[in-house]
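We count ligands from 1, going down the list as the structure has it; atoms in each ligand are counted the same way. Numbering of residues begins at 1 and proceeds along the displayed sequence.
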Amino acid sequence: MTTVHKESSPTEIRFAYWVPNVSGGLVVSNIEQRTDWGIDYNRRLAQAAERNGFDYALSQIRFTAGYGAEYQHESVSFSHAILAATDKIKVIAAILPGPWKPALAAKQLATIDQLTNGRIAVNIVSGWFKGEFDAIGEEWPEHDERYVRSEEFIRSLKGIWTQDNFSFDGKYYQFKDYTLKPKPLQQHPEIFQGGSSRAARDMAARVSDWYFTNGNSVEGIKAQVDDIREKAKANNHHVKIGVNAFIIARDTEEQAQAVLQEIIAKANPEAVNAFGDATREAGAASPEGEGNWAKSTFDDLVQYNDGFKTNLIGTPQQVAERIVALKAVGVDLVLAAFLHFIEEVEYFGEKVLPLIRELEAQQKAQLEEAV
Ligand SMILES: Cc1cc2nc3c(=O)[nH]c(=O)nc-3n(C[C@H](O)[C@H](O)[C@H](O)COP(=O)(O)O)c2cc1C
């Protein structure tokens with residue numbers, strides 16, 4: 001019997017990084033980027049990340065893109081390749097209900113879980129890009145309906161992974177006495193989801209293990225965390241929270257700010273505007289008009305998931321303090337993107353992470369003293 005990968009201490013904030021499995025890096029800018037979307041670079045990156053304190057890597061799913069990210073490797077097979085090149089890190093594979101069906105996803109991920117000592121996880125993506133669905137001949141249910149389908153998808157995955165003779169009678173998916181063998185090695189692979197809209201939050205508060213938000217200020221994040229935690233509590237459910245951030249840590253604040261300014265100055269306006277147009281199909285199209293990108297400016301959209309807004313841009317000390325402030329409002333994980341991934345993951349592990357762990361230890365000691 002093999003042992004399952006141990007997570008880092010539950011009292012410590014955790015880190016994930018975006019797998020650059022699509023071309024163009026994580027900013028829509030012509031600035032020089034030493035990040036590469038190929039497998040050799042990604043294997044080295046994953047190895048560097050697990051040496052430098054990252055617990056998770058998140059791969060992306062794209063079938064097409066009209067705004068940069070022109071080449072895209074498929075997420076599940078790419079995640080498996082990264083897992084095969086590492087020992088500890090968990091890889092979260094993105095899956096889109098629609099092209100994927102839950103029976104296939106459950107089986108595919110259970111096999112990968114068996115092959116990788118229980119290190120696969122999944123990000124259920126509800127979709128925001130109608131042009132992509134049109135291009136591949138998939139139906140495009142309206143905004144909230146996409147979440148109805150995703151929730152049934154998640155309930156199906158969990159049922160298949162944890163029960164024998166699983167039956168389910170949903171609007172989108174039906175199962176009858178289905179028994180998956182072998183089941184995953186883990187009790188079930190962790191289920192992540194993203195979004196900001198009411199429908200996205202409500203789904204997280206009912207069924208997801210983890211909820212990813214776009215980047216935002218500490219106050220903005222706190223409002224989302226409080227909202228989701230309250231709803232989840234009413235459902236007798238616990239959901240952990242991950243926040244997106246584009247991290248620019250440099251020896252001086254001026255250097256870090258200069259990098260940000262250069263990224264924005266060299267943004268590709270056509271691609272950023274095309275991305276902005278495509279995002280109108282996401283949360284802004286939801287009944288309450290909230291959601292991902294509903295309030296994003298041109299500068300925000302230069303980073304696909306509003307990562308500059310989280311403001312992890314500055315010296316190692318400044319970045320560490322802001323991360324601990326996010327933890328204080330209930331954030332469990334920071335999902336990081338970088339300009340030059342490998343070198344910056346190493347800088348983060350060497351210079352920033354030790355400061356974070358120090359600050360966390362100080363806070364713990366203060367709390368214990370106060371008791
Ligand atoms: C961290 C994170 C990762 C995501 N990864 C993907 C992805 O790989 N592919 C994709 O099409 N959408 C991805 N999304 C988009 C979401 O799944 C969802 O469709 C989008 O956030 C719309 O949310 P809304 O309902 O709040 O507008 C991601 C979102 C977040 C926050």
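Ligand 1 is never approached by F129 to a heavy-atom distance shorter than 4.0 Å. The closest approach between N123 and ligand 1 falls below 4.0 Å for a heavy atom of the residue. Under a 4.0 Å heavy-atom criterion, H143 is in contact with ligand 1. Under the 4.0 angstrom criterion for non-hydrogen atoms, Y147 is in contact with ligand 1.
Selection from D144, V243, I124, V125 by nearest heavy atom to atom 16 (C) of ligand 1 gives V125.
Distances below 4.0 Å separate heavy atoms of G127 from the following atoms of ligand 1: 19 (O). Every atom of ligand 1 is numbered from 1 in the order shown, and the set under 4.0 Å from a heavy atom of N214 is 31 (C). Atoms of ligand 1 lying under 4.0 Å from at least one heavy atom of N305, given by number and element, are 29 (C), 30 (C), 31 (C). Numbered from 1 in the order shown, with element, the atoms of ligand 1 that lie under 4.0 Å from a heavy atom of S196 read 24 (P), 26 (O). Close contacts between ligand 1 and Q60 involve ligand atoms 8 (O) [criterion: under 4.0 Å to a heavy atom]. Distances below 4.0 Å separate heavy atoms of L335 from the following atoms of ligand 1: 1 (C).
The closest side-chain donor-acceptor pair between Q193 and Y147, if any, does not fall under 3.5 angstrom. E321 and Q317 share a donor-acceptor pair across their side chains, judged by distance under 3.5 Å alone.
When heavy-atom distances to ligand 1 are checked against a 4.0 Å cut-off, L96 has no atom that comes that close, whether in backbone or side chain. Contacts between W18 and ligand 1 below 4.0 angstrom, taking non-hydrogen atoms only, involve the side chain exclusively. In N244, neither the side chain nor the backbone holds a heavy atom less than 4.0 Å from any atom of ligand 1.
Contact detail for A105 and F153: the closest heavy-atom pair is CB-CZ, 3.9 Å. Across every non-hydrogen atom of Q33 and G24, the tightest pair is NE2-O, 3.1 Å. Listed here is the closest heavy atom pair of Y17 and A49: CE2-CB, 3.4 Å. The two residues S196 and N214 make their nearest non-hydrogen contact at OG-N, 4.5 Å.
Of the candidates W140, F275, F133, F275 is the only one forming a ring-ring contact (aromatic ring centres under 6.0 Å, His included) with W128.
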Checklist entry - So W210 and L333, side-chain contact (heavy atoms from CB on, under 4.5 Å) or not? Walk me through it. => result CA-CA 9 Å; W210 286 89; L333 172 146; 3.5 Å; yes

Next on the checklist: With side-chain contact (heavy atoms from CB on, under 4.5 Å) as the criterion, how do Y172 and E145 come out once you've worked through the C-alpha distance, each side chain's angles and the decisive distance to 0.1 Å?
Outcome noted: CA-CA 10 Å; Y172 289 94; E145 200 57 29; 2.7 Å; yes

Item to check | N244/K309 under side-chain contact (heavy atoms from CB on, under 4.5 Å): CA gap, chis, key distance, verdict | outcome: CA-CA 9 Å; N244 179 53; K309 277 193 186 171; over 6 Å; no

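Backbone and side-chain nitrogen or oxygen atoms of S197 are examined, and one is located within less than 3.5 angstrom of a nitrogen or oxygen of ligand 1.
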